[in-house]
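In what follows, a single structure is set out as structure tokens and then discussed.
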Amino acid sequence: MNPRRKAQLVELWKNEVTVSPSGAEKHEWVKQVPVRVALYDQSAQNQLTMGASGVRVKQYDYLGLTKAKSLVADDYKLVDGNRTYLIKGVNNKGRLAQLFLVVLQNE
């Protein structure tokens with residue numbers, strides 16, 4: 001399947017930490033420039049990753065492909081109409097960046 005044909009424009013939100021006058025940290029989601037992402041349902045498949053203790057299995061709901069290579073795991077989320085996806089992993093090797101996404105909310 002061609003990722004360009006399946007790509008759709010989604011809202012990109014960044015988790016930014018601000019410090020209040022009292023010194024407490026506050027996490028806020030700030031809207032960024034929209035990005036084009038091709039989303040593929042991966043809920044029935046598992047991805048294997050190597051960890052310090054051996055092979056671990058991580059479950060992701062969706063796989064995204066995008067040209068945006070500045071995304072960082074756990075700092076960004078994507079909002080596509082009625083779904084919100086948290087970026088749990090990023091692989092920037094290759095022509096397109098792979099995003100491993102978990103569905104946060106279905107409306």
Side-chain angles (χ1 to χ4, degrees):
M1 168 94 40
N2 188 354
R4 283 188 185 171
R5 200 173 298 161
K6 194 165 171 76
Q8 54 193 353
L9 200 60
V10 295
E11 296 176 0
L12 179 66
W13 293 76
K14 183 177 182 181
N15 187 8
E16 292 188 355
V17 178
T18 58
V19 179
S20 68
S22 66
E25 291 183 351
K26 181 179 177 184
H27 295 273
E28 286 187 291
W29 289 104
V30 179
K31 192 172 185 179
Q32 305 289 314
V33 178
V35 294
R36 288 202 169 275
V37 178
L39 297 172
Y40 298 97
D41 187 6
Q42 298 290 317
S43 58
Q45 298 178 4
N46 293 325
Q47 287 80 29
L48 294 177
T49 58
M50 291 296 289
S53 62
V55 176
R56 298 178 300 190
V57 176
K58 288 189 176 181
Q59 179 89 28
Y60 298 104
D61 297 326
Y62 282 83
L63 177 71
L65 295 174
T66 183
K67 289 185 177 181
K69 299 238 180 172
S70 62
L71 303 178
V72 179
D74 294 323
D75 282 348
Y76 290 93
K77 71 178 179 178
L78 303 173
V79 178
D80 173 31
N82 59 353
R83 282 195 180 146
T84 302
Y85 308 96
L86 181 64
I87 299 175
K88 293 300 285 184
V90 179
N91 181 3
N92 284 324
K93 294 179 183 173
R95 187 172 56 95
L96 298 174
Q98 288 181 327
L99 308 175
F100 301 103
L101 308 169
V102 175
V103 176
L104 288 181
Q105 142 187 6
N106 280 330
E107 295 177 357

| Per the side chain to side chain contact (heavy atoms under 4.5 Å, CB included) rule, which among Tyr85, Tyr60, Tyr40 passes with Leu101? |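 Looking at Tyr85, Tyr60, Tyr40, the match for Leu101 under the side chain to side chain contact (heavy atoms under 4.5 Å, CB included) is Tyr85.
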| query | Distance-only, no hydrogens or angles: does the Thr66 side chain make a donor-acceptor pair with backbone N or O of Arg36 under 3.5 Å? | reply | yes
| Do the side chain of Lys6 and the main chain of Ala38 share a donor and acceptor less than 3.5 angstrom apart? |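 Here the side-chain-to-backbone pair does not exist.
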Donor-acceptor pairs under 3.5 Å, side chain of residues 12-23 to any protein atom, not counting sequence neighbours: which ones?
residue: Trp13; atom: NE1; partner: Glu11; partner atom: OE1; Å: 3.2
residue: Thr18; atom: OG1; partner: Lys26; partner atom: O; Å: 3.4
residue: Ser20; atom: OG; partner: Ser22; partner atom: OG; Å: 3.0
residue: Ser20; atom: OG; partner: Ala24; partner atom: N; Å: 3.3
residue: Ser20; atom: OG; partner: Ala24; partner atom: O; Å: 3.3

What's the shortest heavy-atom distance between [X] and [Y], and which atoms?
X: Gly64; Y: Leu39; answer: CA-CD2, 4.3 Å
X: Ala68; Y: Ala97; answer: O-CB, 3.6 Å
X: Val72; Y: Val90; answer: C-CG2, 4.1 Å

Mind checking side-chain contact (heavy atoms from CB on, under 4.5 Å) for [X] and listing every partner two or more places apart, or none if nothing turns up?
X: Val10; answer: Gln8, Val35, Val37, Leu78, Asp80
X: Val33; answer: none
X: Leu86; answer: Trp29, Asp74, Lys77, Lys88, Leu104

| message | Test of understanding: with side-chain hydrogen bond (donor to acceptor under 3.5 Å, both in side chains), list the residues that count as partners of Asn91, not counting sequence neighbours. | response |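 Testing Asn91 for side-chain hydrogen bond (donor to acceptor under 3.5 Å, both in side chains), a comparison that skips the adjacent residues, returns Gln98.
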| field | Interatomic spacing from CD1 in Ile87 to CG in Leu71 - rounded to 0.5 Å | value | 4.5 Å
